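What follows is one structure encoded as structure tokens, with my remarks underneath.
Quick note on labels: first sequence line is chain A, next is B, and so on, each numbered from 1. Source: prediction; values computed, not measured.
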There are 2 protein chains.
Amino acid sequence: MEATAPTLSRKAQIDQTATALFRTRGFAATSMRELAEALGLEAGSLYSHIKSKQELLHRICFRLADDFFAGFAAATHDSAEPAAVQLRWAIESHVRVLTQDVAASAVFLHEWRHLSEPARTEFLALRERYEAGFRLLIQRGIEQNDLRTSDTAFATLTLLASLNWLPTWYKPEGKLPPSEIAHRLADQLLLGLANS
Amino acid sequence: MEATAPTLSRKAQIDQTATALFRTRGFAATSMRELAEALGLEAGSLYSHIKSKQELLHRICFRLADDFFAGFAAATHDSAEPAAVQLRWAIESHVRVLTQDVAASAVFLHEWRHLSEPARTEFLALRERYEAGFRLLIQRGIEQNDLRTSDTAFATLTLLASLNWLPTWYKPEGKLPPSEIAHRLADQLLLGLANS
DNA sequence: TAAGGTTCCTAACGTTCGTTAGCAAGCGTA
DNA sequence: TACGCTTGCTAACGAACGTTAGGAACCTTA
């Protein structure tokens, strides 16, 4: 068992439906019977495909973590580029991952608390590593005199906060394409609201 | 019954403990037995003081909504002031409410989904009204040539997003006093990260 | 002392929860 | 045809859930 690619279709379907339910009702408030009904089958049948409810949450959260890291790595790959430019790319990559799967992003951002140990601790460590990446970019941007802020850690949190609120209001069918959203977000965060 | 001020102390104690638990474990994942144990009594005893678990969530959410509106009204009371200044005050008021009771703020921001109807709909309407207040300030700031943005609604969402992430990392015992946090947040959001 | 209110208890209710066991139908491959 | 794999079913398990009923101890006020 656990070979390369058997039984991926039905499992993926369960993941997707679970993601949508976890997003709107929350992990704890979503029952396996609800999930089963949304898929058109009985609760017990789910366990032919998954091991537990916890496993679903685990897969959703860590898959997205992988996506964020991959995007960040790509955005900061060209280290010859100024840090401020790399930061803008990292912001746009972050937004791209968020908009690519809004439901999974919302779960990733809000439902990770319900991960059982040791996954929860592992998740938080990953999150911290990711934030540290942004912090370093901002720090280097300041050294290169392209950015300014009184508190790097503070600025990092605020920046990611703005980005991470996106899944609460973003609608894939909205008029703004993800790339445009990413661009505007980066503009507003880097240039501010005030007229110079 | 339901007179002016009988039995307020124990009830308030329950509210406070429930707020802390709802924040860390989430509303759905917090059981009345857990809540009772945290207060040093049995589950059934809670119902001498409250009507239901739902009532607890309702009170927490709507009390904070009141606080936000009161703060906003005070911040924008002097309509002779430029909109950009009123906006800064409104931001600082928002941060003040958030930091005054971080646990309740976190519940307000994340657990309102579990309000049952019609409270949930009512809550969302209040939230929209509050956001509209900020939107109007930004709009007027643009007309008065003190602010600039390509999309008012967009800027409003981003601004509130930065503020609302605060309860996830703010520690009352931290080195920065709330007023300083409010000031820095307003600065970063209004002036941006980039060097002019 | 009597009355009323507050606070908390024990015990239990009906329901829902995540999960398991055992079985059967359908499938493609040998 | 026979095999193994996938997919799904029914039925049930023990546990936990929110909530209620009924009673007891305590405090204050009359």
Identify each atom pair where a protein N or O and an N or O of nucleotides 17-22 of chain C are less than 3.5 Å apart, giving names and distance.
residue: dC17(C); atom: OP1; partner: Ser31(A); partner atom: OG; Å: 3.4
residue: dG18(C); atom: OP1; partner: Thr30(A); partner atom: O; Å: 3.2
residue: dG18(C); atom: OP1; partner: Lys53(A); partner atom: NZ; Å: 2.9
residue: dG18(C); atom: OP2; partner: Met32(A); partner atom: N; Å: 2.8
residue: dG18(C); atom: N7; partner: Arg33(A); partner atom: NH1; Å: 2.9
residue: dG18(C); atom: O6; partner: Arg33(A); partner atom: NH2; Å: 3.0
residue: dT19(C); atom: OP2; partner: Tyr47(A); partner atom: OH; Å: 2.6
residue: dT19(C); atom: OP2; partner: Lys53(A); partner atom: N; Å: 2.9
residue: dT19(C); atom: O5'; partner: Tyr47(A); partner atom: OH; Å: 3.4

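- Salt bridge Glu111(B)/Arg25(B): absent, no basic N to carboxylate O contact under 4.0 Å.
- Contact annotation: His49(B) reaches the phosphate of dT7(C) (side-chain N/O to OP1 or OP2, under 4.0 Å).
- More than 12 heavy-atom neighbours from other residues, nucleotides or ligands sit within 6.0 angstrom of CD on Glu34(B).
- Summarising the geometry, the separation between CD on Glu42(B) and C1' on dA12(C) is reported as 14 Å, rounded to the nearest angstrom.
- Between the CD1 atom of Ile14(A) and the C1' atom of dG8(D) there is a distance of 11 Å, rounded to whole Å.
- Classification of Asp15(B) and Lys11(B) as a salt-bridged pair fails, no side-chain N sitting under 4.0 Å from a carboxylate O.
- Screening residues 40-56 of chain B for salt bridge (Lys or Arg N to Asp or Glu O under 4.0 Å) gives Glu55(B)-Arg59(B) as the qualifying pairs, with residues at least two apart or on separate chains.
- If you take CD1 of Ile50(B) and P of dT6(C), they are 16 Å apart, rounded to a whole angstrom.
- Ring orientation note: the planes of Phe69(A) and Tyr130(A) are nearly perpendicular, at an angle over 60° on the 30°/60° scale.
- With rounding to whole Å, Glu37(A) atom CD is found 15 Å from dG8(D) atom P.
- Atom CG in Leu41(A) sits roughly 14 Å away from atom C1' in dT10(D) (whole-Å rounding).
- dG8(D) atom C1' lies 13 Å from atom CD of Gln13(A), rounded to whole Å.
- In this structure, Glu143(A) has no salt bridge (charged side-chain N to carboxylate O under 4.0 Å, His left out) partners at least two apart in sequence or on a different chain.
- As rounded to whole Å, 15 Å separates atom C1' of dT6(C) from atom CG of Leu46(B).
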